[in-house]
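The structure appears below as structure tokens.
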Amino acid sequence: MIKKRFYITTPIYYPSAKLHIGHAYCTTLTDVFARYKRMRGFECYFLTGADEHGQKIEKNAASAGKTPQQFVDEIVDGFYKLWELLDISNDDFIRTTQDRHVKVVQDIFSKMLEKGDIYLGKYEGWYCTPCEAFWTDTQVGPDHICPDCGRPVQMAEEEAYFFKTGNYLDSLLKFYDDNPKFLVPESRKNEMINTFIKPGLDDLCVSRTSFSWGIPIRENPKHVIYVWLDALTNYITALGYDSDHPELFKKYWEDPECEIIHILGADITRFHAIYWPMFLESLGLRKPDREFVHGLLMMKDSKMSKSKGNVVDPFPLVERYGVDALRYYLTREVTFGSDGSFSPEQFVERINADLANSFGNLLNRTVSMINKYFDGVIPEYKGDVTAFDGALRTAAESTVRLYESNLDDLKITEAIAAVNDLVSRANKYIDETTPWVLAKEGKIEELASVMNHLANAIFVAAKLYEPVLVKSSPKAFDQLGIDENDRDYEKVYKFGSIGGTKVVKGDQLFPRLDAAIEVEYIQGLMGLRKE
RNA sequence: CGCGGGGUAGAGCAGUUGGCAGCUCAUCAGGCUCAUAACCUGAAGGUCGUAGGUUCAAGUCCUUCCCCCGCAACCA
């Protein structure tokens, strides 16, 4: 089941406005998974990017007095900054305006046209003349009003190319049957079938003539390629499909030993789960192994939305609380796969309870005791000495197994929760063994064993946390005095391997936050500050 | 009858194949002093939205109704 290599992607985000915490959510989850795989010794190629064409960008650029390219350049610059800030470990970043993408998409279109999978037809919709935009039934509402300018719209039609979904529908359904784990959670598959396929799947409109900011169709240059044929294909163009440099494509897409995983949000499931496999089949290419649909992160009262403006900007959050706090919150708070909601209270509570009180404090008190009782040198492992040692050791060992089995199945939230349990267990162990009593009674061997077991438990926890706590886990290793070359993952299997190093008391990993002050601060960021 | 997801302790949520209702935070009481007002123990607090049904046994399966929320051809 476990393959040798992994290719994992986020969706490419649309740079019509700045990114918000929802984008950060998706990318962070993907990053955690990629880092986990690499930590386990697998090759893992991680792609993210930007989907830069379309009418909305053309319009937003115009109203900003810029060319579309200038406009997206500036916004995408913000993408780079955010991913750098969040320590995202992507191997590549694709932009749909890059030559390597544009040319290949044109080729793909030509292939499909030639093959008969794409035909020229007519697109019908509600048209707003002043806005030069087509809208759907729901967008115009019962009053047939342009959602953008509020003026009435008319039914209109324009020439457009369509992708013939009928050619691949049976094959898609068979693919679903043959690959029950393709779409996770499974409820999404039923949604696809019930909502879109059963009522009759329409052909997909893949071109527009009403705007020009897009990839022109060679065979008919007044058309530009419309959205999904342009956007979805990024997953293969980034690897060099159909180019002079197909090495990565061969290695990650064509090799059956590579597992291909797309992470995406619930709102774009349809495109990834229905049209993308069809496109690939049309091109004679292999389909992804898994598509994982994560839930949407809602604001406390309503869906977070660029248009409603109630978004949380991740930048100030990271500035104030650190990368790890935000990464941790995003991976831990919302069960991967179901919707969640962001609230300042939950954010502060999560950081305080799990990171400050439990993990950070555990490290801090342990380092203090090793300093106090053993002049800072972690005693060597001597097996289980006190009556409680065995329980802590087995807890650590089973945590590793639980963590791995959950993460291998993309259950990131559960995996992290398992590590939290180990941390709690270690805190409890201190109360059970009462090291200060052992010290007073001169039971040095027992005291030494307790310190060693604590250091080892902390090492295991910090190592397992590392894909999430990219800055703090190394700091924890520093405080335990573990050399940079001595932090390999294999050590989590050998409880007792830590010992003999000199601890270095450092800053608190996560200072406890004052809830009242911080909640107010975050509410301010959200524009929710009470008057 | 458009589709889908929800309604479980004061708040936020878990609850795989039906088998004594759990977790985190908050509250109360106690313990401890290595530590970040932390940590550990214990208690209180739920007729699992409603009304029926199947069953020895239902949060879990079936049906009725009520309420909330998403989606419905570019918001992750």
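Each chain gets a letter, A, B and so on, in the order its sequence line appears, and its residues count up from 1.
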Side-chain N,O (A:Lys428) to OP1/OP2 (B:U41) below 4.0 Å: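 Affirmative; the distance criterion is met.
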Side-chain N,O (A:Tyr226) to OP1/OP2 (B:C74) below 4.0 Å: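 Yes, because at least one side-chain N or O of A:Tyr226 sits under 4.0 Å from OP1 or OP2 of B:C74.
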Picking from [options], which would you name as closest to the side chain of [X]?
X        : options             : answer
A:Val227 : B:A73, B:C74, B:U36 : B:C74
A:Arg270 : B:C25, B:C75, B:A73 : B:A73
A:Ala356 : B:C74, B:A73, B:U36 : B:U36
A:Gln346 : B:G12, B:A73, B:C74 : B:G12
A:Gln508 : B:A76, B:U36, B:C39 : B:U36
A:Phe271 : B:A76, B:U36, B:C74 : B:C74

Now, which nucleotide makes the Watson-Crick or G-U wobble pair with [N], with each of the two distances under 3.5 Å?
N     : answer
B:C34 : none
B:G2  : B:C71
B:G22 : B:C13

How is [X] classified with respect to the nucleic acid when contacts are heavy atoms under 4.0 Å: base, sugar-phosphate, or nothing?
X        : result
A:Asp203 : base
A:Asn361 : base
A:Tyr275 : base
A:Pro511 : base
A:Ile268 : sugar-phosphate
A:Asp202 : base

Cation over ring face, A:Arg350 and A:Tyr329, 6.0 Å, 45°: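 No, A:Arg350 does not lie over the aromatic ring of A:Tyr329.
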Using the [atom1] atom on both, measure [N] against [M] and round to a whole Å.
N     : M     : atom1 : result
B:G22 : B:U27 : P     : 23 Å
B:U17 : B:G6  : P     : 13 Å
B:A14 : B:G31 : P     : 37 Å
B:G53 : B:U60 : P     : 14 Å
B:G5  : B:U16 : P     : 15 Å
B:A26 : B:G45 : C1'   : 12 Å
B:C13 : B:A21 : C1'   : 14 Å
B:G7  : B:U50 : C1'   : 11 Å

Let me know the distance between [atom1] of [X] and [atom2] of [N], rounded to the nearest Å.
X        : N     : atom1 : atom2 : result
A:Asn234 : B:C74 : CG    : P     : 17 Å
A:Asp421 : B:C39 : CG    : P     : 15 Å
A:Arg332 : B:C25 : CZ    : C1'   : 12 Å
A:Asn60  : B:C75 : CG    : P     : 14 Å
A:Ile416 : B:C23 : CD1   : C1'   : 17 Å
A:His262 : B:A76 : NE2   : P     : 17 Å
A:His53  : B:C74 : NE2   : P     : 17 Å
A:Leu232 : B:C74 : CG    : P     : 12 Å

Any donor-acceptor pair under 3.5 Å linking the side-chain atoms of [Y] with those of [X]?
X        : Y        : value
A:Asp389 : A:Tyr429 : yes
A:Glu52  : A:Thr96  : no
A:Asn371 : A:Asp375 : no
A:Ser16  : A:Asn60  : no
A:Arg512 : A:Asn361 : no
A:Glu414 : A:Tyr403 : no

Working for ring-ring contact (aromatic ring centres under 6.0 Å, His included), residues A:Tyr161 and A:Tyr119: CA-CA 5 Å; A:Tyr161 286 94; A:Tyr119 64 94; 8.7 Å; no
Nucleic acid contacts - residues 158-165 of chain A versus RNA chain B, non-hydrogen atoms under 4.0 Å: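 The answer is none.
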Nearest-nucleotide comparison on RNA chain B, the residue closer to the 5′ end among A:Glu349 and A:Arg425: A:Glu349
Position toward the 5' end of RNA chain B (nearest nucleotide), A:Gly360 or A:Arg208: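 On the 5' side of the pair lies A:Gly360.
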Centroid-centroid distance, A:His223 to A:Phe109, less than 6.0 Å: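 Centroid separation for A:His223 and A:Phe109: 6.0 Å or greater.
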is_close_aromatic(A:Phe292, A:Phe33), centroid dist under 6.0 Å: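 For A:Phe292 and A:Phe33, the ring centres are not under 6.0 Å apart.
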Residue pair A:Tyr275, A:Trp228: steps toward the ring-ring contact (aromatic ring centres under 6.0 Å, His included) verdict: CA-CA 8 Å; A:Tyr275 303 116; A:Trp228 294 104; 8.4 Å; no
Distance (rounded to the nearest 0.5 Å) between A:His53 NE2 and A:Glu58 CD: 10.5 Å
Within the sub-3.5 Å range, which N or O atoms of nucleotides 31-34 of chain B have a protein N or O partner, and how far apart are they?
residue, atom, partner, partner atom, Å
B:G31, N2, A:Asp431, OD2, 3.3
B:C34, O2', A:Arg365, O, 3.2
B:C34, O2, A:Arg365, NE, 3.0
B:C34, N3, A:Arg365, NE, 3.4
B:C34, N3, A:Arg365, NH2, 2.6
B:C34, N4, A:Arg365, NH2, 3.1

Mutual orientation of the aromatic rings belonging to A:Phe279 and A:Trp276 [parallel < 30°, tilted 30-60°, perpendicular > 60°]: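 Rings of A:Phe279 and A:Trp276: perpendicular, over 60°.
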